[in-house]
Amino acid sequence: MPVQILYFAKVREEVGVATEAVDVPASIATISELADWLACRSAGHAQAFANREHLRVAADQVMVTFDTPLSDGMEIAFFPPVTGG
Amino acid sequence: MPVQILYFAKVREEVGVATEAVDVPASIATISELADWLACRSAGHAQAFANREHLRVAADQVMVTFDTPLSDGMEIAFFPPVTGG
Amino acid sequence: MRDIRVQTADFDPATELARLEALDVGAVASFTGLVRGDDGVAALTLEHYPGMTEKVLRALGDEAASRWALAGVSLIHRVGRLGRGARIVFVGTASAHRADALESCAFLIDRLKTDAPFWKSEEVGGAPRWVAARDGDQEAADRWR
Amino acid sequence: MRDIRVQTADFDPATELARLEALDVGAVASFTGLVRGDDGVAALTLEHYPGMTEKVLRALGDEAASRWALAGVSLIHRVGRLGRGARIVFVGTASAHRADALESCAFLIDRLKTDAPFWKSEEVGGAPRWVAARDGDQEAADRWR
């Protein structure tokens with residue numbers, strides 16, 4: 001299942017890339033499972049996904065929880081808590 | 001006892017003057033008694049002081065209640081509830 | 001910075017905001033009140049109690065500065081005849097913290113409405129009439145006591 | 001009037017206020033956030049999530065307009081590198097009622113702080129570091145839910 005992954009701010013720096021297009025195994029059903037799967041891609045990924053409490057996620061540009069089901073072609077973004085304003 | 005009286009807005013229009021210097025009898029001890037005494041000066045005064053609920057009073061430029069004691073040389077202002085801003 | 005004025009002349013919110021921004025503290029809030037054009041009022045005339053007005057506005061500025069961490073307060077109120085759309089009042093606050101700037105700004109306009117000796121007369125169809133005080137204004141001011 | 005923008009360029013609060021005043025409704029509130037100069041930060045760099053940012057800001061504008069009687073909303077946020085004293089964000093609201101203008105202004109900046117995908121990196125002593133989210137910001141946003 002093709003999914004577009006985006007990383008922002010500190011998460012982007014830890015992972016080392018801003019975006020990656022991945023082909024997710026069919027066994028992965030939720031964003032939480034996607035995060036576990038992405039964590040295995042590199043030491044940087046492992047670091048970025050180590051602490052879920054400091055991680056936020058958006059699916060198709062809407063803030064969601066980690067138990068959200070994954071869909072074909074989704075745009076999933078991982079980032080730290082926001083600090084604008 | 002000399003007292004300077006000021007009237008504002010609708011109260012000023014009813015009384016017909018903006019200020020008056022009055023010599024208050026010694027028997028008058030509070031602003032409330034002053035208001036009763038002033039009410040007898042003219043039909044306009046009577047109208048202005050008829051409804052205390054729609055009247056506010058300041059003594060020496062500070063908003064006070066009608067039971068405030070009167071002092072020699074005070075500046076007493078009567079006016080409607082304020083409507084600025 | 002404390003800038004408290006009662007004047008017949010118009011004021012420029014941009015100038016006031018620039019002075020507050022120059023305090024270099026991070027958060028600037030403002031409120032501008034204008035003569036509304038939607039209820040048939042052609043103009044307002046504002047009367048006030050010279051001397052007491054300035055005293056009340058200064059006291060409100062002092063109270064705001066004691067309740068919130070403020071680097072600056074601007075409080076400007078016009079008097080005299082003001083046409084439709086004219087500015088009546090400006091409240092501006094600057095603080096290191098946005099909640100302090102926003103809350104003190106709301107406090108100042110709410111309390112000004114019930115404490116400062118201004119009276120509005122409005123012209124509708126050519127005839128002037130005194131504006132009645134609103135219960136809602138008293139309630140808005142009371143939440144700060 | 002709805003003016004919602006994300007931009008690298010500076011904005012002029014005076015221009016925004018003038019547009020809100022021109023709506024002829026009586027009450028205009030504003031909040032401006034700037035880079036504070038009091039904590040040794042030489043500059044900030046703001047990163048955002050293009051696309052989602054605008055979507056979130058529009059949704060906040062819609063929510064404000066559904067909760068308060070608003071004639072106008074301005075919401076401007078800058079991104080990129082911003083030096084000390086630079087403007088970061090502007091929130092402006094116009095309403096016939098001052099409480100609506102003031103409350104919606106506070107709502108918009110509070111919720112923007114927790115909902116809109118912006119991230120600040122600050123330069124202190126030459127080195128950049130990511131700014132941590134503040135619990136107080138979450139609490140301020142939660143009072144509007």
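Convention: sequence-line order gives letters A, B, ...; per-chain numbering from 1.
Interface with chain B: from residues 117-141 of chain C, residues C/Pro117, C/Phe118, C/Trp119, C/Lys120, C/Trp130, C/Val131, C/Ala132, C/Ala133 qualify, criterion being any non-hydrogen pair under 4.5 Å. Contacts between residues 28-61 of chain B and chain C, counted as heavy-atom pairs separated by less than 4.5 Å, involve B/Ala58, B/Asp60, B/Gln61.
Taking CE of C/Met52 as the start and CD of B/Glu75 as the end, the distance is 10.0 Å to the nearest 0.5 Å.
Looking at C/Lys55, only its side chain comes within 4.5 Å of chain B, counting heavy atoms on both sides.
Closest heavy-atom contact between C/Thr114 and B/Val82: O-CG2, 3.3 Å.
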